[in-house]
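Please read the structure below before turning to the comments.
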Amino acid sequence: MKITGTLQHQAWQDKVLPPVEQIRPGLWSIPVPLPDNPLRYVLVYGLELPDGIAIVDAGWDTPEAWEALRGGLRTAGYDITDVKAVLVTHLHPDHYGLAGRVREESGAWVALHPADAGLLRERYRDFDGLIEAIRRQMTLHGVPEEEAGPLADASRRILPLVRHTDPELLLEDGEQVPIGGWNLRTVWTPGHSPGHVCFLEPDRRLLLSGDHVLPRITPAIAVHPQQRHNPLADFYDSLDKVRTLDVEEVLPAHEYRFAGLADRVTALAEHHTARLDEIALEVVKAGTEGATAWEIAQRLTWSRPWPRIQPFMRRTAMLETLAHLVMLGAQDRVTALDDDHGPCRWRAIPSVDQA
């Protein structure tokens with residue numbers, strides 16, 4: 001993998017916001033800050049049109065993000081009222097959150113894959129039922145009662161970051177995006193979210209990869225009440241789907257631009273394969289009584305010791321662990337023990353050689 005966004009990479013190293021850049025004729029990169037978030041910023045891409053500009057993703061709905069987006073557009077020679085389309089890679093707040101406000105100010109149409117579009121109202125408008133479902137999920141997989149409620153309620157913190165709007169256009173896999181001057185194709189890549197999409201520009205040999213393929217970070221693949229049954233299996237399939245695309249450069253939603261898509265896809269797949277083996281070993285160590293996803297998550301290798309992981313990130317860590325357990329179950333390496341009186345526990349299935 002080769003870093004092509006050298007200014008973005010240097011800014012990442014320096015822990016500052018990268019500059020607004022014209023990275024190709026008619027194509028702009030606009031960093032929009034994510035205050036108090038380890039991702040620091042989302043990269044919004046501006047695509048010049050004959051009658052204005054389209055943006056890919058939008059940032060979340062905070063004053064800082066709004067001013068950064070407007071300022072970036074001004075650097076490119078446009079006003080927020082010139083935005084004709086907001087192409088959203090997926091429904092997470094740092095990508096979708098400002099889409100509604102942009103639409104209000106400009107009249108732009110908003111596009112999203114139907115698998116994510118169908119989740120918006122439950123996630124951001126009628127959310128009490130979803131939060132209760134998350135609380136039940138926490139309890140089912142071993143989170144103590146005194147922690148399950150607060151971990152579920154932590155979702156409420158993101159609600160002010162989203163200006164809800166229903167998309168006018170639903171982009172199916174393989175569909176061409178109807179914007180002038182660009183041959184932009186939708187590539188459905190479920191895993192990080194059920195309706196995550198990348199956008200391929202074959203004439204310019206570019207892939208706008210959203211959160212699907214990032215240069216350094218491994219995107220979170222987690223079981224969630226709104227997720228598909230086996231999101232990690234989806235993610236593996238989605239990696240294979242983009243692995244052989246003929247692209248010169250990848251434009252991710254975070255960090256920095258890079259070349260070498262196939263190499264990065266291989267590294268992401270190898271990371272999850274190693275994680276599957278690590279989790280399977282912890283299940284074996286748990287013996288015949290098994291262990292919950294919450295217990296296993298605390299025994300794994302993370303970027304910092306478990307006591308130093310913030311509560312909301314502990315929830316993410318547990319749900320990522322659960323995604324790997326579901327995948328291991330599909331591979332007949334572990335099984336979930338049925339117990340009507342306690343949390344779900346996972347036990348190893350002996351191999352043929354062990355049996």
Run K84 and I179 through side-chain contact (heavy atoms from CB on, under 4.5 Å) and show every step you take.
CA-CA 9 Å; K84 304 301 180 183; I179 56 174; over 6 Å; no

Side-chain ion pair, [X] and [Y], N-O less than 4.0 Å:
| X | Y | value |
| --- | --- | --- |
| R163 | E105 | no |
| E282 | K285 | yes |
| R135 | D153 | no |
| R333 | D277 | yes |
| E201 | R24 | no |

Non-hydrogen atoms of [X] and [Y] that approach each other most closely:
| X | Y | result |
| --- | --- | --- |
| W60 | A65 | O-CB, 3.0 Å |
| A58 | L98 | O-CD1, 3.4 Å |
| E320 | A220 | OE2-CB, 3.3 Å |
| C198 | L207 | CB-CD1, 3.8 Å |
| P219 | H212 | CG-O, 3.6 Å |
| S29 | P31 | O-CD, 3.8 Å |

Within 6.0 Å of CD in Q310, more than 12 heavy atoms from elsewhere
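Open.
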
Count the heavy atoms belonging to other residues, nucleotides or ligands that lie under 6.0 Å from CD of Q13, then report whether that count exceeds 12.
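Check passes, neighbour count above 12.
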
[X] versus [Y]: any side-chain heavy-atom pair under 4.5 Å?
| X | Y | value |
| --- | --- | --- |
| N230 | D234 | no |
| T301 | E278 | yes |
| V56 | L87 | yes |
| Q227 | P194 | yes |
| L251 | I23 | yes |
| M138 | M318 | yes |
| D94 | H254 | yes |
| N183 | Q176 | yes |

In terms of hydrophobic clustering (I, L, V, M, F, W, Y; side-chain heavy atoms under 4.5 Å; direct or indirect links), are [X] and [Y] co-clustered?
| X | Y | value |
| --- | --- | --- |
| M1 | L261 | yes |
| L39 | L214 | yes |
| L206 | I3 | yes |
| V143 | W306 | yes |
| L337 | V223 | no |

Can you tell me how far apart [atom1] ([X]) and [atom2] ([Y]) are? Round to the nearest 0.5 Å.
| X | Y | atom1 | atom2 | answer |
| --- | --- | --- | --- | --- |
| L322 | L140 | CG | CG | 8.5 Å |
| S209 | R257 | OG | CZ | 12.0 Å |
| H324 | L319 | NE2 | CG | 12.5 Å |
| R123 | L91 | CZ | CG | 4.5 Å |
| T335 | R345 | OG1 | CZ | 14.0 Å |
| W182 | L47 | CH2 | CG | 4.0 Å |

In terms of relative ring orientation, are [X] and [Y] parallel, tilted or perpendicular, with 30° and 60° separating the classes?
| X | Y | result |
| --- | --- | --- |
| H95 | H90 | tilted |
| Y124 | Y96 | parallel |
| H113 | W188 | parallel |

Step by step, would you call T321 with R299 a side-chain hydrogen bond (donor to acceptor under 3.5 Å, both in side chains)?
CA-CA 11 Å; T321 302; R299 301 169 189 166; over 6 Å; no

Is the positively charged end of R275 above the ring of W302, judged by distance under 6.0 angstrom from the centroid and angle within 45° of the axis?
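Yes, R275 lies over the aromatic ring of W302.
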
Honestly, is R157 close enough over F312, meaning NZ or CZ under 6.0 Å from the six-membered ring centre and within 45° of the axis?
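The answer is yes; both the distance and angle limits are met.
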
Look at the side chain of [X] and the backbone N and O of [Y], then say whether any donor-acceptor pair between them is shorter than 3.5 Å.
| X | Y | answer |
| --- | --- | --- |
| E255 | R216 | yes |
| D57 | T89 | yes |
| E132 | D128 | no |
| S238 | P190 | yes |
| R70 | I80 | no |
| E147 | T139 | no |
| E249 | T4 | no |
| R347 | A286 | no |
| H224 | Q226 | yes |
| T75 | V20 | no |

Side chain to side chain contact (heavy atoms under 4.5 Å, CB included) partner of L73, the single match among V102, T81, I55, D79:
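The option that passes is I55.
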
Can the ring centres of F199 and Y45 be said to be less than 6.0 Å apart?
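Centroid separation for F199 and Y45: 6.0 Å or greater.
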
Give the intermediate values and the outcome of side-chain contact (heavy atoms from CB on, under 4.5 Å) for residues L276 and L232.
CA-CA 10 Å; L276 286 166; L232 185 54; 4.0 Å; yes

Might you work through the side-chain contact (heavy atoms from CB on, under 4.5 Å) test for V110 and E168, ending with a clear yes or no?
CA-CA 6 Å; V110 177; E168 288 86 354; 3.7 Å; yes

Can you check side-chain hydrogen bond (donor to acceptor under 3.5 Å, both in side chains) on T266 and R243, steps first, answer last?
CA-CA 8 Å; T266 296; R243 183 189 301 271; 2.9 Å; yes

With distance as the sole criterion, is a donor-acceptor pair present between the side chains of D116 and H196 under 3.5 Å?
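Their side chains do not contain a donor-acceptor pair, so the 3.5 Å distance test is not met.
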
Determine, step by step, whether T186 and E172 satisfy the side-chain contact (heavy atoms from CB on, under 4.5 Å) criterion, reporting the C-alpha distance in whole Å, the side-chain angles of both residues, the deciding distance to 0.1 Å, and the verdict.
CA-CA 7 Å; T186 306; E172 298 281 0; over 6 Å; no

Positive for side-chain hydrogen bond (donor to acceptor under 3.5 Å, both in side chains) with D166, one of R125, R103, R121:
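Exactly one option meets the side-chain hydrogen bond (donor to acceptor under 3.5 Å, both in side chains) with D166, and it is R121.
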
Among H271, H192, H272, find the one that has a ring-ring contact (aromatic ring centres under 6.0 Å, His included) with F235.
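Running ring-ring contact (aromatic ring centres under 6.0 Å, His included) over H271, H192, H272 with F235 returns exactly one hit, H272.
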
